[in-house]
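Comments concern the structure below.
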Amino acid sequence: MPKLQLHPENIEDPQVLIDLCPFGAMQMGENGLEINAACKMCRLCVRKGPKGAVEYIEDEKKPEIDKSEWKGIAVYVDHVDGKIHPVTFELLGKAREMADKIHQPVQAVFIGSHIQEEAKELLHYGADQVFVYDKPELARFAIEPYTNVFEDHILKNKPSSILVGATTVGRQLAPRVAARMHTGLTADCTILKMDENTDLNQIRPAFGGNIMAHIKTPNHRPQMATVRYKIMNAPERKEEADGEVVVCEVAPERLESHVEVLDIVKKPKEESIENADVLVVAGRGVKSEQDLAMLEELADMLHGQLACTRPLVEAGLMPAKKQIGLSGRTVRPKLIITCGVSGAVQFTAGMDHSDQIVAINTDPQAPIFQTANYCVVGDLYDVIPPLMEKIRAQKGA
């Protein structure tokens with residue numbers, strides 16, 4: 001880490017630096033003037049303080065990694081009892097696209113029990129090799145053995161990049177593996193691009209969606225990123241299965257876990273907005289439960305579901321599981337109708353891959369109109385009731 005170093009011999013009046021720092025990071029201690037943890041490295045003290053009083057010391061240049069030793073893009077196969085999560089196919093499609101650019105293979109890492117037959121299916125979606133760790137001890141996800149097995153794969157096969165679905169399992173496993181490998185991890189990427197030199201350009205909204213952060217880890221391998229379900233496009237299933245399934249072995253002691261699972265209770269099955277073909281979304285412009293009741297009726301008429309943006313969850317009008325956006329769910333319906341939604345980046349990042357987007361807003365300058373396929377400027381009560389009447393008339397015809 002870069003640091004600031006004080007030179008007391010060049011400081012005549014410490015109070016000058018104390019008053020200069022906008023963060024209160026300069027203070028008098030037992031040994032004189034000190035820099036505390038409030039320092040934001042703005043370097044105002046270097047530029048505006050007494051000459052030579054504070055020195056900014058850069059990081060030592062890190063040795064460059066030999067990128068030629070690391071080849072391929074690995075995808076973690078997310079599954080429950082061998083049933084592969086669809087996010088895996090989406091990531092295989094993206095991995096195939098990037099791997100073709102740098103002429104490297106796509107690896108799938110499948111960890112579980114009795115999964116060898118299911119592993120063959122991955123060869124139809126762009127994987128060149130499926131590395132299968134098939135052991136009874138790996139039947140259910142456990143953080144210690146799964147991390148150990150993933151580490152075993154990385155050390156033996158040295159993939160340059162690793163993609164993990166941002167599922168409940170992926171969000172636990174990816175950071176643990178990244179810490180084990182002393183490498184970086186970018187969470188919830190919305191865009192991935194591969195450079196010719198095999199550096200992975202990981203792009204995600206940051207600072208509340210106000211900027212798009214471009215993140216690279218050029219001095220470390222592997223590079224790691226998690227991606228939410230329905231952000232990437234899943235490839236078409238190929239008739240021919242190209243590639244091979246590689247059955248892997250791992251030392252028995254690496255399968256041990258310090259956590260014993262006593263029981264697994266399945267949640268009752270419920271409808272999720274992630275799987276809905278039609279969504280009606282209530283935004284900040286929806287103020288009352290009466291408005292919500294009207295939108296829910298519209299959703300029912302279209303055989304869809306009612307969803308919302310963050311303000312309605314914070315106001316207690318809708319449950320968190322109905323929220324769309326970076327802090328909610330990512331959706332990809334055939335039709336989405338937004339009502340009173342302004343269209344902040346945090347929201348649009350969670351739904352902009354929908355097939356058809358209809359936006360209703362009283363503000364003609366609302367950002368959502370930049371994303372929508374059809375834009376309606378107007379009040380909900382001027383637009384929704386006539387629309388519902390037309391739907392009823394069509395159904396009655």
Side-chain angles (χ1 to χ4, degrees), residues 67 70 72-78 84-102 104 106-109 125-127 150 154 159-235 274 310 323-332 343-354 371:
K67 295 175 184 177
W70 299 80
I73 301 175
V75 173
Y76 171 72
V77 181
D78 204 301
I84 299 170
H85 192 292
V87 73
T88 302
F89 301 120
E90 295 179 3
L91 295 181
L92 282 172
K94 189 63 184 179
R96 179 77 272 160
E97 174 194 320
M98 296 191 297
D100 287 345
K101 182 176 180 179
I102 55 175
Q104 292 190 3
V106 173
Q107 308 167 2
V109 185
Y125 288 90
F150 212 143
I154 294 170
S160 176
S161 302
I162 296 174
L163 307 182
V164 181
T167 61
T168 304
V169 168
R171 289 176 192 268
Q172 297 176 69
L173 182 61
R176 188 86 172 226
V177 172
R180 185 75 64 87
M181 299 307 300
H182 303 287
T183 191
L185 168 67
T186 304
D188 289 343
C189 294
T190 55
I191 301 171
L192 294 172
K193 295 180 180 179
M194 184 62 69
D195 294 341
E196 296 288 349
N197 66 351
T198 73
D199 284 351
L200 181 62
N201 195 347
Q202 304 147 70
I203 304 171
R204 71 179 308 278
F207 292 103
N210 292 314
I211 66 167
M212 297 298 286
H214 291 237
I215 300 167
K216 292 185 180 182
T217 49
N219 298 317
H220 294 81
R221 289 293 185 270
Q223 306 160 99
M224 295 187 65
T226 64
V227 182
R228 288 191 187 192
Y229 178 37
K230 294 195 174 182
I231 288 290
M232 305 296 178
N233 293 316
E274 292 164 297
R310 185 170 178 170
Q323 180 189 334
I324 295 173
L326 291 177
S327 55
R329 307 292 176 93
T330 303
V331 297
R332 201 170 192 164
V345 174
Q346 300 95 315
F347 170 76
T348 56
M351 51 67 74
D352 60 356
H353 291 288
S354 305
T371 305

How far apart are the closest heavy atoms of [X] and [Y], and which atoms are they?
X      : Y      : value
Val109 : Ala74  : CG2-CB, 4.3 Å
Val77  : Ala108 : CG2-CB, 3.9 Å
Gly72  : Gln107 : CA-NE2, 4.4 Å
Thr348 : Gly343 : CG2-O, 3.6 Å
Ile231 : Glu90  : N-OE1, 3.8 Å
Ala174 : Leu185 : C-CD2, 3.8 Å

For Gln323, is there any backbone N or O sitting under 3.5 Å from a side-chain donor or acceptor partner on Arg329?
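Checking the backbone N and O of Gln323 against the side chain of Arg329, no donor-acceptor pair under 3.5 Å is found.
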Looking at Lys101 and Met194, would you say the former's side chain and the latter's main chain have a donor-acceptor pair under 3.5 Å?
yes
Does the plane of the ring in Phe89 sit parallel, tilted or perpendicular to the ring in Tyr125? Use 30° and 60° as the thresholds.
tilted
Across all chains, not counting sequence neighbours, the salt bridge (Lys or Arg N to Asp or Glu O under 4.0 Å) partners of Arg176 are none
When rounded to the nearest 0.5 angstrom, what distance separates [atom1] in [X] from [atom2] in [Y]?
X      : Y      : atom1 : atom2 : result
Glu97  : Leu192 : CD    : CG    : 9.5 Å
Leu163 : Lys94  : CG    : NZ    : 9.5 Å
Met232 : Thr330 : CE    : OG1   : 11.0 Å
Trp70  : Ile162 : CH2   : CD1   : 8.0 Å
Cys189 : Asn201 : SG    : CG    : 9.5 Å
Ile73  : Leu200 : CD1   : CG    : 7.5 Å

Inset, instruction - Taking atom CZ of Arg204 as the centre, report whether more than 12 heavy atoms of other residues, nucleotides or ligands fall under 6.0 Å from it. - result: yes
> Is atom NZ of Lys193 surrounded by more than 12 heavy atoms (other residues, nucleotides or ligands) closer than 6.0 Å?
Replying inline: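 No, NZ of Lys193 has 12 or fewer neighbouring heavy atoms, counting only those of other groups under 6.0 Å.
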Min side-chain heavy-atom separation [X]-[Y] under 4.5 Å:
X      : Y      : value
Val331 : Lys230 : no
Val164 : Arg171 : no
Met224 : Thr186 : no
Met181 : Val177 : yes
Pro235 : Arg96  : no
Val227 : Val87  : no

Results of side-chain hydrogen bond (donor to acceptor under 3.5 Å, both in side chains) for [X] - residues two or more places apart only:
X      : answer
Lys67  : Asp199
Ser161 : Gln223
Thr226 : none
Ser354 : none

Practice task
Before giving the answer on side chain to side chain contact (heavy atoms under 4.5 Å, CB included), spell out for Ile203 and Ile215 the whole-Å C-alpha distance, their side-chain angles and the decisive distance to 0.1 Å.
Solution key: CA-CA 6 Å; Ile203 304 171; Ile215 300 167; over 6 Å; no
Side chains of [X] and [Y]: is there a donor and an acceptor less than 3.5 Å apart?
X      : Y      : value
Gln172 : Thr168 : no
Thr167 : Asp78  : yes
Arg221 : Ser160 : yes

Any residue meeting ring pair (Phe, Tyr, Trp, His ring centres under 6.0 Å) with Tyr76, in chain and number order, not counting sequence neighbours
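Expected list: Phe150.
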